[in-house]
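Here the structure comes first, spelled out in structure tokens, and everything after it is commentary.
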Amino acid sequence: MNIAVLIKQVPRTDKIKIDKEKGTLIRKGVESILNPYCEYALEAALSIKKQLKNAKITVITMGPPSAKAVIERAIALGADDGVVLSDRAFAGSDCRATAYALACGIKKACGTPAIILCGRQAIDGDTAQVPGETAQMLGIPMIPYITEIVDISEKSITVKSEFDNKELTLSADFPVLLTVRKGSNNRRMPSLNDAFRAFSYEPKIISADDAGCDKEKLGLSGSPTRVVKIVPVAAKGNCRFFNSGNCAEGFKEIGKVLEKVVSSN
Ligand code: FAD
């Protein structure tokens, strides 16, 4: 059984500063890491592999050649194989173009995998749109925000998924794409064997042509999204917590505060 895990290299967002004049992120000198939610997705893949012994995990990333660092990290954590989709044609891609490139890359690297795992979101772009768009382009179902794998067989999977403050138990036949929340997953330390393997591991680099992409659908020209302006939002005002332990009382207190705000304007 083939399992593909989509992993993204992201800057450490807690270290990023904003250029207030240009309204852009200052990425220079900021350490790049494997997106933490992608690490939870990999952890879920490793737990599936433990249960279904014939599973093979391929990690796939789209990014500049330096993104191979996250493949090496994933190999050190126990992935079997890794692929970097890298080409100038991918530069400037929005979520849809990224999903298109990933869908082509998945087909090239592992055909139709039984399971595709993604993080619930990337901590830099934060849109959480890439997994759904990738599933749509591959024509397969998606279950988002999973917290637990309840049951798995050679043909289907049952998971717990949490969204809109509800917990659902959902099943899907393969192929399926799942996005992973932290849930019960813990980030593991690399084993000594896997760390040695990662040290000398050379991931495959796949270009847009290798992946069979239509270049019209990539990069800025293939991206319908336009970033018109980025405005850093300064935190202002105080935060007050109402801990009355009783909703009706709490709403009354909030009402009083709102009345004051309205009457002072
Ligand atoms: P999410 O949808 O939040 O990610 C969820 C999950 O999808 C991840 O956990 C991971 O499993 C998977 N995933 C997402 N991205 C990747 C990836 N690249 N590889 C593997 N798996 C992935 N970014 C640039 O770096 N350079 C640019 O020039 C650039 N130009 C852009 C231009 C426009 C107009 C727009 C709108 C965006 C641009 N971006 C650019 C941002 C880029 O589109 C996003 O980084 C990308 O689409 C991923 O979206 P996200 O970070 O919101 O991921």
Side-chain angles (χ1 to χ4, degrees), residues 3-13 16 23-28 30 32-45 57-71 73-74 79 82-106 108-110 113 115-138 142-146 163 177-183 185 187 203-206 208 211 213 217-230:
I3 302 175
V5 186
L6 304 186
I7 61 172
K8 187 181 180 196
Q9 187 180 46
V10 294
R12 273 194 59 168
T13 44
I16 268 195
T24 53
L25 303 180
I26 305 170
R27 291 174 185 248
K28 208 174 166 202
V30 179
S32 291
I33 56 168
L34 171 58
N35 179 43
Y37 289 107
C38 296
E39 220 168 302
Y40 299 135
L42 177 59
E43 190 55 45
I57 300 173
T58 304
V59 285
I60 301 173
T61 192
M62 179 188 124
S66 61
K68 80 182 220 197
V70 292
I71 300 287
R73 167 88 185 145
V83 168
V84 184
L85 289 164
S86 200
D87 197 309
R88 291 192 72 80
F90 298 135
S93 294
D94 69 359
C95 294
R96 194 175 79 173
T98 302
Y100 172 67
L102 288 169
C104 295
I106 292 166
K108 173 74 186 173
C110 34
I115 306 174
I116 302 171
L117 287 150
C118 296
R120 63 168 275 191
Q121 71 197 74
I123 60 166
D124 57 345
D126 245 351
T127 65
Q129 287 179 14
V130 170
E133 293 181 42
T134 307
Q136 203 263 340
M137 281 170 194
L138 292 170
M142 161 173 120
I143 302 180
Y145 306 140
I146 73 158
F163 56 95
L177 185 149
L178 309 166
T179 84
V180 182
R181 276 175 179 264
K182 181 178 183 303
N185 284 331
R187 290 158 73 188
K204 289 178 203 81
I205 310 282
I206 294 184
C213 297
K217 296 182 178 170
L218 298 171
L220 266 186
S221 59
S223 297
T225 321
R226 290 286 165 268
V227 180
V228 180
K229 197 176 176 187
I230 297 177

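Both counts, for ligands and for their atoms, begin at 1 and track the order of listing.
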Are the side chain of Ser32 and the backbone of Pro11 linked by a donor-acceptor contact shorter than 3.5 Å?
no
Partners of Lys182 by salt bridge (Lys or Arg N to Asp or Glu O under 4.0 Å), sequence neighbours excluded?
none
Sorted by chain and residue number, the residues with a non-hydrogen atom under 4.0 Å of ligand 1 are Leu6, Ile7, Lys8, Asn35, Cys38, Ile60, Thr61, Met62, Gly92, Ser93, Asp94, Cys95, Thr98, Leu102, Cys118, Gly119, Gln121, Ala122, Asp124, Gly125, Asp126, Thr127, Ala128, Gln129, Val130, Pro131, Thr225
Considering residues at least two apart in sequence or located in another chain, which fulfil the salt bridge (Lys or Arg N to Asp or Glu O under 4.0 Å) criterion with Arg73?
Glu39
Considering only heavy atoms from C-beta outward, does the side chain of Leu177 approach that of Cys118 to under 4.5 Å?
yes
Under 3.5 Å: donor-acceptor pair, side chain of Thr58, backbone of Ala4:
no
Taking salt bridge (Lys or Arg N to Asp or Glu O under 4.0 Å) as the definition, give me every residue that meets it alongside Asp87, ordered by chain and number, with sequence neighbours left out.
none
